[in-house]
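Here the structure is laid out as structure tokens; the discussion comes afterwards.
Residue numbers start from 1 in every chain, and the chains themselves are labelled A, B, ... in the order their sequence lines are given, proteins ahead of strands.
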Amino acid sequence: MTKENITAEKQFLTPFNVVAGIILLVGAVITILRFTKGIGAVTNLDNNNPWGLWIGFDLMCGVALAAGGYVTSSACYVFGLKKYHSAVRPAILTAFLGYALVVFALHYDVGRPWRLPYPIFYSQGTSSLLFEVGLCVFLYLTVLFVEWTPAAFEWLGFKKIRAWVVRLTMVLTIFGVVLSTLHQSSLGALFQIAPSKLHPLWYSGYLHVYFFISSMFAGMSMVIFEGTLAHKWLHHKMDETHLAEAEGVVLGFGKAASFVMMGYIGIKLIGLAVDNNWHYLTTGWGLWFLVELVGFVLFPAILYGMGAREKNTTFIRIAAFWTVLGIILNRLNISVIAFNYHLPSADRYVPSFMEVGTTIFIVTIGLVVYKFIATRMPILYEHPDYKEHH
Amino acid sequence: MAISRRKFLTSMGAVIGAGTTGTLTKAYGATKTGFKGYPESFGVLHDITRCIGCRKCEQACNDVNKLDKPERPFDDLKVLDQKRRTDEAVYTVVNKFSGTPDVFVKKQCNHCQEPACASACFVKALKKDKTGAVVYDESLCVGCRYCMVACPFNIPAYTYNDPLSPKVTKCTLCLPRIQEGKLPGCVEICPKEALVFGKRKDLIKIAWKRITQSPGHYIEHVYGEHEMGGTSWLYLSGAPFEKVGMREDLGNTPAPELTSGALGTVPIVVGLWPVLLTGVYAISKRKEKIADEERKEAVQKATDLATAEMNKQLSQLKNKLTKEKDTAIKTEVKKALDAAAKKAAEAAKAVEKPLAAEDAADDDTGNEEE
């Protein structure tokens, strides 16, 4: 034990820590610039392009990729798929960190972040989809925090309060699904107010449905993807149950994702038919649309299906990574790339280096905090004192 | 006959008085029954064919709103050679569209009847005033800039370089001046009466009158009468609107209606999801319970069956063992008897005393019966 501690101290300057340290330092500099010189000093945002990478990636992709929380917890607790139990805690932790970072990133993007509680507590603009997003994200972040606390309480040894929180599991899970349905879909519906700005291939009256359905396979893919990473870096922290169930989670989620993605392609085609947008498919934007739909949804969906049938987890892990990229592409297309498609190229938005730097900085914070928590608290293993409690 | 801005000026005091003291009896919202705008609301008619591109309106706007002075003075008309949009220090711009003759178009907030920006604002910092102005309240604004995303005319701007109190900027329709009974700055200064201020419903009549009175002079369309549900600013043009930088593909649907469907699903999800999910939970729980019961039953059955089978086998084994034992005893006895008989016979033979052999046989028989 003591020996391990000594080696741990010696290994403080690991490549991970060094790289993370540099990124955090750069991030700190950008942060100072942002809050002393203003948004204009660090971003390429302008009056035609009020939303850039910070909304397109940090908010849109952040929320979509944190969907693993509600997907996994509802699969386990609501749908009774107990064999996914060991995947719930890592998924909840990722979702909690994901949402926390979304809110953190918003502090950079909005003009007066100290007023972020205004829409909830001070002046409610209930006709706005953004109000709904804000309210749901606020409530869901709270739910995820409470859902995560048992791990912390086990680590700290607070048995009574842990038992009390665990009793809320069912209510919290259902509340979480309701809130996720609402804000995942509302993020898409945000753009329904601007039919004249978003390219018709991406604009649809069904945008909110597309966002909700795609959040499901985004969440599943993210659970598989981060599971793959965790197996690589934190294998020693996993207990036998986790290791034994891991393959089942990969196969089960892969199969489910394949199904949902096929359904998603179906409703995307229905959307094309409803608005009769087929003729756009032969344009440059159409090609780009097909790259997204065929290359980053259909292809990984087939790969997922094959992996599930052949019990080939490598296929599924590749498909998961591919799907995550596809979700990022989709969200960026809607919020940045195909948004303002009609503007001359000189007026189009390209993120600045400091915007990209801030995004990398925020993702790095997520990784560091995840690692900090997963190496200390019972996330990838069950605490020996509480084994019977589920 | 066009109603001049001066005529309006004189009659306006009374209108404003009535407008501000009278209370609205009906609450208007983004309903599908169709909001036709506040009945007495004002607007401005911009007759593009009359505009000469003198930029006096830009200057007046700058003065009235106390904005930063631009690098190039307002009488520098070379500025017109570049396409411009509104920004944080410029609430209105005049753009030149080359042709014969050149066409000049003023651009500013159109003050929509049902503003996309106000519908998008999540803190109600933007509101449609009953005078027709879309007003912005800086004290509520968080700075999310969703209004800028939502605006179909790309009007609101943001003071991106202000670290502490950045804000959205746009034309106010000179609401403070209207409330004082004055005309908006740009309307007042316009030397060509290219801008007419008045009640929106009257301006529509004026616009159509001009179209009918001068055949061929105007495109037969009043831009803003129906666009995005109608705007307080209205436009007349001799050139197709699309050619002078005004989008004709916006449609007539008011912005709030575009999102009302998605917003309408919210209460349904809140109401239905818990019921459905609890149902799913109950089903999965019940399935589990039944499976458990069935498993228990099956186990019981199997156990019973196994016990019976075992008992049967045991008793069979017991019988078999008893039989085997009997047989073994019999065999042994027989062996002993035979041996004894043999012995006796041998003895008899040896001693030749048949009587003694018979006695021994009697003894053995007695033993066997015991």
Are any of the side-chain heavy atoms of [X] and [Y] separated by less than 4.5 Å?
{"X": "A/Asn48", "Y": "B/Met148", "result": "no"}
{"X": "A/Thr126", "Y": "B/Phe122", "result": "no"}
{"X": "A/Phe79", "Y": "B/Val280", "result": "yes"}
{"X": "A/Arg112", "Y": "B/Glu138", "result": "yes"}

Contact part of [X] toward chain A, heavy-atom cut-off under 4.5 Å: side chain, backbone, both or neither?
{"X": "B/Cys144", "value": "both"}
{"X": "B/Ala282", "value": "neither"}
{"X": "B/Thr278", "value": "both"}
{"X": "B/Thr159", "value": "neither"}

Can you tell me which of [options] forms the most heavy-atom pairs within a distance under 4.5 Å of chain B?
{"options": "A/Tyr118, A/Phe191, A/Phe339", "result": "A/Tyr118"}
{"options": "A/Ser74, A/Ser127, A/Gly80", "result": "A/Ser127"}
{"options": "A/Leu135, A/Ile174, A/Leu130, A/Leu81", "result": "A/Leu130"}
{"options": "A/Ala41, A/Gly111, A/Gly38", "result": "A/Gly111"}
{"options": "A/Phe131, A/Phe35, A/Tyr206", "result": "A/Phe131"}

Considering all heavy atoms of both residues, which atom of [X] and which atom of [Y] are nearest to each other, and what is their separation?
{"X": "B/Cys141", "Y": "A/Arg115", "answer": "O-NH1, 2.7 Å"}
{"X": "A/Ser123", "Y": "B/Val123", "answer": "OG-O, 2.5 Å"}
{"X": "A/Leu116", "Y": "B/Val142", "answer": "CD2-CG1, 4.0 Å"}
{"X": "B/Thr259", "Y": "A/Ala189", "answer": "CG2-O, 3.9 Å"}

Option in [options] with maximal non-hydrogen atom pairs under 4.5 Å from chain A:
{"options": "B/Leu272, B/Ile155, B/Val149", "result": "B/Val149"}
{"options": "B/Cys121, B/Cys147, B/Pro152, B/Gly251", "result": "B/Cys121"}
{"options": "B/Ala255, B/Ser165, B/Ala125", "result": "B/Ser165"}
{"options": "B/Thr265, B/Leu164, B/Asp249, B/Val270", "result": "B/Leu164"}
{"options": "B/Gly143, B/Pro274, B/Pro163", "result": "B/Pro163"}
{"options": "B/Lys124, B/Arg247, B/Glu88, B/Glu288", "result": "B/Arg247"}

Measure distances from [X] to the heavy atoms of chain B and classify the residue's part below 4.5 Å as side chain, backbone, both or neither.
{"X": "A/Thr43", "value": "neither"}
{"X": "A/Glu132", "value": "side chain"}
{"X": "A/Ser185", "value": "neither"}
{"X": "A/Phe121", "value": "neither"}
{"X": "A/Ile120", "value": "neither"}
{"X": "A/Tyr122", "value": "side chain"}

*Does NE2 belonging to B/His226 count more than 12 external heavy atoms closer than 6.0 Å?*
no
_A quick test of your reading: do over 12 heavy atoms of other residues, nucleotides or ligands sit less than 6.0 Å from NZ of B/Lys243?_
no
*Answer yes when A/Asp109 and B/Arg145 have at least one side-chain N-carboxylate O distance shorter than 4.0 Å, and no when they do not.*
yes
Just how far is it from atom [atom1] of [X] to atom [atom2] of [Y], taken to the nearest 0.5 Å?
{"X": "B/Leu126", "Y": "A/Ser128", "atom1": "CG", "atom2": "OG", "value": "11.0 Å"}
{"X": "B/Leu258", "Y": "A/Gln192", "atom1": "CG", "atom2": "CD", "value": "8.0 Å"}
{"X": "A/Ile39", "Y": "B/Asp162", "atom1": "CD1", "atom2": "CG", "value": "9.5 Å"}
{"X": "B/Asn154", "Y": "A/Asn49", "atom1": "CG", "atom2": "CG", "value": "8.5 Å"}

*Under the side-chain contact (heavy atoms from CB on, under 4.5 Å) criterion, do A/Ile193 and B/Tyr146 qualify, and how do the steps go?*
CA-CA 10 Å; A/Ile193 204 159; B/Tyr146 187 30; 3.7 Å; yes
Spell out, as yes or no, whether a donor-acceptor pair under 3.5 Å connects the side chain of [X] to the backbone of [Y].
{"X": "B/Trp273", "Y": "A/Thr181", "result": "no"}
{"X": "A/Lys37", "Y": "B/Asn161", "result": "no"}
{"X": "B/Ser284", "Y": "A/Val78", "result": "yes"}

_B/Arg85 side chain to A/Asn47 side chain, donor-acceptor N/O pair below 3.5 angstrom_ = no
